[in-house]
Amino acid sequence: MNLYRYASPSTFYPLAGRLAPWFFALAFILAVIGLYISFFVAPTDFQQGEGYRIIFIHVPAAWMSMFIYIVMAFWSAIGLAWNTRLSFIMARALAPTGAMFTFIALWTGAFWGKPMWGAWWVWDARLTSELILFFLYVGVMALQAAIDDPRRSDRAGALLNLVGVINVPIIYFSVKWWNTLHQGSSVSLTRAPSMAHIMLWGMLIMALAAWMYAIAVAFVRARSMLLERERQASWVRELPEGKA
Amino acid sequence: MKPRHKKLALIALIVAAIGVAVALVLNAFNSNLVFFFTPTQVANGEAPISRAFRIGGLVENGSLKRQEGGLTVGFVVTDTAKSIPVSYTGVLPDLFKEGKGVVAEGKLGSDGTFTATQVLAKHDENYMPPEAASAIEQAQKSLVK
Amino acid sequence: MLTANNLSCERGERLLFRNLNLELNEGEALLVRGANGHGKTSLLRILCGLSAPASGEVFWCGESIRAAKETYGKEMAYVAHSNGIKEELTPLENMVLSARLCGRGLDMETAESALAQLGLARCMDLPSRVLSFGQRRRVTLAGLLTAGALLWILDEPLTGLDVSGVAMVEQMIRDHVAAGGMIIATTHHALELGDLKPKTLTVGESA
Amino acid sequence: MNWGSWSDFWQMGGYGLYVWGSFAMTIVCIAGEIWFLRRHRLQTMQRLKRMNAWETPT
Amino acid sequence: MKFLATVIQRDILLATRRRGDWLTAQFFFVLVVSMFPLGIGPDPAVLRMIGPGVIWVAALLATLLSMSRLYADDHRDGTLEQMMLSPYSNIVLALGKSIAHWIINGIPLLVIAPLLGIQFGLAGKVLWILMLSLAIGTPILSLLGSIGAALTLGLRGGGVLITLLILPLYVPVLIFGAGAVEGTLAGIGAEANLSLLGAFLVLSLLLAPWVSATALKISLE
């Protein structure tokens, strides 16, 4: 019952409004620390010189691209199973941010690949599957935009999310399963990371900043969507925002 | 009873289907399905004949030769078991070094030389400051001795 | 037989109706009234199981219709706004096909006599493409006669019908209820049903 | 400290284009997203106000 | 089981009554494939190299072209609702519609493909592998496409949208299908690609009808 209370839009709206600035602030502080480590503390790499510093955004962005998709699929599944409106809104609010991080991962990957590998783009399994992830994000957003009825739009998009989630493990394990040009993961649960500690810390802090940013943005977007969706509801009419 | 039997049959069907799918996937990974071929695969004749493909491996130490006055280079790609000579005209990527990973795209000539049209450097997932790298190298050398 | 508890329905941002209850037993008819856009069709679609209500549940013989699709599908027949007729097929083919899709056999004589009863004897073998709208409506209603369903859910069954067609539908409804069947219908016309006193339900007043 | 001077910093050991190209695009994306978000919120708010003003005559 | 057969028979009967529509997709396939030699030039070595990929891409597009109408026609005249209300599972309905689509649109592609392959200088065993890869691959296209058709039911611009939604899901089929033919051309065998394609077929047979049925339910509400 208690959970339901938080799942109700009228409780979520002010809560998210209070929390979002904190997450933005955290994201900003973490990003400043992370960038400071990335550029001024982390040493030059033995192979790639200064060029490796792209890792500090490439890896967090790539993680976020997959992680946001999983979270989206999670909210979609919850929404389809229990028909909770808020979870559909969360899934929708995450999609543009996920697409943005996927784009950043692809873009920075190209800018990293050109000097190191010698090519902007190669069609290996990792890169191709990440590109497909981008298309999946775009597809879901396009589908949801094309459907006028909000209920159908939520549910159709959620179903498509669940279909596309099969792609995420393929991206993640592609470097293990196939001989790819892309290197393996530097950070893994099963063994010690193959990175100098300070570099790893820089990357993790940047990843955390990306997390905080994604949460903050999702909250703000979800709030706007709620206002739009529920403008007939009495709780929206009583909001101070609505008063002229 | 009958709906229950139906349900059991359905579950059996699903399990069987997943089994078949897994078996097929495993079968595929036993064969080669790759971005590049290793020199051993090429030596065993698993690589395409008279068609462009990619080979991957390490650049053998001391094998890099530059032709004077041109951009043409020659080097040997090895996977420690077998090795293949490669010739390439063009700019090499920054990370191209002897002893490091490389992926080359091109054709295998009749003389056993691989003529590359593109050379890509494959680096590993290790990142560390140069001092640490040389320390590790020292340690490995002393271990070998 | 058919009960609905606490149904509510939303379309877009609008709440069409809330806390709607109904019960219908054998030999009863229910007329659903309400202005345009107040949720008559939405209610019928919920009752036949095509869409899910925002809250509440529909039961057939005490079992939720989502769980009882197999029995409910056999005992319920739904006539929608659209006729559910394939233009490429003749009325006969249409009837035989839709019977088979519902898991019933339908022999030619029964189909022919149902079509003849609705005044379509002359166009049984023409492609439905050339039939008028009213004639296609009659093909759909002929399907109702052969469906052998206990519960008829009719969404504006009189659309496009001429005077004799309307009388025919009224007769069908009377016969069906007299034989112990159940009917839920929406209509803008007043139905001439003789002794039959249908229940009525008005949707959308609360909005 | 890794950098002797600002120009060292901007050159990134010869990888300036790639490193700064990546970071610049990231910043553009994030700034763009925040801008869109703000605009969306303001628009929604405005519409809400208009609706409220219309429905509650003063 | 009987329901499945009825659904398939029904769609085939309808397709025979509407041969014009049915032929459009096949002609589209032939035309797209034939455009490539005209645009790229008649060099046999080049043609042989791009042949498998071109034929596969054209097969994908031809499938999508016919896909957008899989449920749309039945939706417009109300027969889809009637079928959804039948006493049988909607999963079987979606499976039947997909199988019917494959029989109507997939099998003709298999039959035409070798002729087009000859245009591209493919011969002998390669043609057989091409047919085999299409035989395993095109049912996947029909099954996955049915999801997109169900999701975009009744939307304006549904045809373009279905392409955007479904093409990313088609990528593995394209890679493994064209890969099998190219592997044969290159002399390294097609087994790996074909068995991956087979695994994909089994999984989509298992999941796609279920997803399509759910999508249909969502779209009809």
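The chains referred to below are lettered A, B, ... by the order of the sequence lines, with proteins before strands, and numbering in each begins at 1.
- More than 12 heavy atoms of other residues, nucleotides or ligands lie within 6.0 Å of CZ in E:Phe3, so this atom counts as buried by the packing criterion.
- In terms of heavy-atom proximity, A:Ala156 sits nearest to E:Ile218 at N-CG2, 3.7 Å.
- Between E:Leu153 and A:Arg152, the closest side-chain pair of non-hydrogen atoms falls below 4.5 Å.
- E:Leu155 contributes atom CG, which lies 8.0 Å from atom CG of A:Asp148 (distance to the nearest 0.5 angstrom).
- Only the side chain of A:Leu159 comes within contact range of chain E, with at least one heavy atom under 4.5 Å from a heavy atom of that chain.
- Annotation: side chain of E:Glu221 is in contact with side chain of A:Arg155 (closest heavy-atom distance under 4.5 Å).
- Between E:Leu164 and A:Ala142, the shortest heavy-atom distance links the atoms CD2-CB, 3.5 Å.
- Around atom CH2 of A:Trp121, more than 12 heavy atoms belonging to other residues, nucleotides or ligands sit under 6.0 Å away.
- Summarising the local packing, CH2 of A:Trp112 is surrounded by more than 12 heavy atoms from other residues, nucleotides or ligands at distances under 6.0 Å.
- Residues E:Leu165 and A:Val140 have side chains not in contact (no heavy-atom distance under 4.5 Å, counting atoms from C-beta outward).
- To the nearest 0.5 angstrom, E:Leu169 atom CG is 8.5 Å from A:Ile132 atom CD1.
- Looking at every heavy atom in both residues, A:Val163 comes nearest to E:Val211 through CG2-CG1, 3.6 Å.
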